[in-house]
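Position 1 is the first residue of the sequence; numbering continues from there. Atom set for the values below is all heavy atoms of this structure, side chains included, hydrogens, waters and symmetry mates excluded.
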Amino acid sequence: MTQYTSVSPAETGIMTGVISAGIGYTLAPRKYNLEQILTQKPDVFEKSFPKEVMQNAGKEQKKAHNIILEGRKILKDAAKNNKTDAKLAELLNTPKYSKAYRAVKDFLPKARVQTAIVFGVIGALAGIFGRIIFEDKSEV
């Protein structure tokens with residue numbers, strides 16, 4: 001007589017969710033440095049500093065965020081004249097931007113955790129639905 005153990009869709013979902021969360025945490029970007037923050041694409045920048053998080057930030061963090069936004073605008077304008085590299089080097093050597101980066105860099109690790117949560121939820125749902133769809137119907 002052969003014994004079978006069955007794994008429920010919920011157990012499969014939990015298992016794939018945990019694995020996916022680990023993968024999401026690993027693949028999420030580490031803290032960006034000042035150069036990366038100043039030069040990253042607008043959508044990535046918005047994800048790094050979500051509006052909800054910045055609304056709850058203190059005065060110093062909001063001021064620092066505005067300084068970084070100003071630097072990004074300066075670089076965007078410099079790109080029109082093909083002088084981005086020179087302007088970037090100038091901004092990186094300006095204490096104002098270094099200080100602003102130090103004030104807002106504490107917000108950056110939160111993006112890593114959020115990515116892990118999103119990957120975990122998606123993985124769990126995929127595991128549950130996959131288990132339900134591909135479950136062996138011959139046992140019934």
Side-chain angles (χ1 to χ4, degrees):
M1 186 174 207
T2 308
Q3 292 183 339
Y4 292 99
T5 58
S6 66
V7 179
S8 72
E11 292 170 327
T12 304
I14 291 170
M15 219 170 21
T16 57
V18 169
I19 292 169
S20 298
I23 291 170
Y25 187 81
T26 304
L27 294 178
R30 299 193 189 281
K31 285 185 181 180
Y32 295 115
N33 62 31
L34 178 58
E35 180 180 353
Q36 291 169 325
I37 289 174
L38 289 172
T39 59
Q40 63 191 186
K41 296 185 189 279
D43 61 328
V44 176
F45 183 78
E46 290 297 321
K47 289 178 186 174
S48 298
F49 299 101
K51 289 181 181 177
E52 305 84 36
V53 174
M54 292 312 298
Q55 287 175 348
N56 297 328
K59 282 184 181 179
E60 185 179 331
Q61 285 85 15
K62 287 181 182 178
K63 183 179 175 185
H65 184 256
N66 289 334
I67 290 171
I68 290 174
L69 286 173
E70 172 191 318
R72 290 174 55 82
K73 185 178 183 303
I74 290 170
L75 288 176
K76 185 178 178 183
D77 293 340
K80 295 174 185 173
N81 300 327
N82 292 329
K83 296 184 180 184
T84 308
D85 292 335
K87 194 49 108 170
L88 178 61
E90 182 183 323
L91 293 179
L92 292 175
N93 290 324
T94 306
K96 173 173 121 174
Y97 292 99
S98 299
K99 185 178 177 184
Y101 171 72
R102 285 192 300 274
V104 297
K105 75 177 182 178
D106 291 336
F107 291 114
L108 296 175
K110 295 175 185 172
R112 197 162 203 202
V113 173
Q114 291 170 348
T115 304
I117 291 169
V118 169
F119 268 69
V121 169
I122 291 171
L125 292 174
I128 290 169
F129 291 129
R131 177 76 176 139
I132 291 171
I133 292 170
F134 296 112
E135 188 172 2
D136 189 10
K137 304 292 184 200
S138 63
E139 295 176 9
V140 180

Discussion item. Side-chain heavy atoms nearer than 4.5 Å, only ILVMFWY residues, links allowed to pass through others: does that put I74 and L88 together?
Written reply: yes
Worksheet item: Are the side chains of L69 and F45 in touch, meaning some heavy atoms are under 4.5 Å apart?
Response: yes
Practice prompt. Decide yes or no for R72 and P42: does some side-chain heavy atom of the first lie under 4.5 Å from some side-chain heavy atom of the second?
Written response: yes
Worksheet item: Quick one: does N81's side chain have a donor or acceptor within less than 3.5 Å of a partner on K83's backbone?
Response: no
Fill in: NZ-NE2 distance between K62 and H65, expressed to the nearest 0.5 angstrom
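Reported to 0.5 Å precision, the distance equals 11.0 Å.
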Practice prompt. Grab the two heavy atoms, one from T39 and one from E35, that are nearest each other, plus how far apart they are.
Written response: OG1-O, 2.8 Å
Worksheet item: Looking only at heavy atoms, which two atoms of E90 and T94 are closest? And how far apart?
Response: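 For E90 versus T94, the nearest heavy atoms are O-OG1, 2.8 Å.
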Worksheet entry | Single-linkage hydrophobic cluster, 4.5 Å side-chain cutoff, V121 and F129 together | yes
Worksheet entry | Pairwise side-chain contact, Y97 with I67, heavy-atom cut-off 4.5 Å (strictly under) | yes
Discussion item. Using only atom types and a distance under 3.5 Å, with no angle test, would you say the side chain of E46 pairs donor to acceptor with the backbone of D43?
Written reply: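 The answer is no, because no donor-acceptor pair under 3.5 Å joins these two groups.
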Worksheet entry | Any side-chain heavy-atom pair of T12 and I128 under 4.5 Å | no
Discussion item. Please determine whether residues V104 and L92 belong to a single hydrophobic cluster, defined as Ile, Leu, Val, Met, Phe, Trp and Tyr linked transitively by side-chain heavy-atom distances below 4.5 Å.
Written reply: yes
Discussion item. On a heavy-atom basis, which atom in G123 and which in S20 lie closest, and how many Å separate them?
Written reply: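 Where G123 meets S20 most closely, the heavy atoms are CA-OG, 3.2 Å.
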Response to the item:
Value for CD (Q36) from OH (Y101), rounded to nearest 0.5 Å, stands at 8.0 Å
Discussion item. Quick check: closest heavy atoms across Q61 and A103, and the distance to 0.1 Å?
Written reply: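 Shortest heavy-atom contact: CG-O, 3.4 Å.
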Worksheet item: Which atoms form the tightest heavy-atom contact between L38 and I68, and what is the distance?
Response: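 In terms of heavy atoms, the two residues are closest at CD2-O, 3.8 Å.
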Discussion item. A quick test of your reading: do over 12 heavy atoms of other residues, nucleotides or ligands sit less than 6.0 Å from CG of D85?
Written reply: no
Worksheet item: Would you say the side chain of K96 lies within less than 4.5 Å of the side chain of E70, judging by non-hydrogen atoms?
Response: yes
Worksheet item: If you look at every heavy atom in P95 and N93, which pair is closest and at what distance?
Response: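 The answer is CD-O, 3.5 Å.
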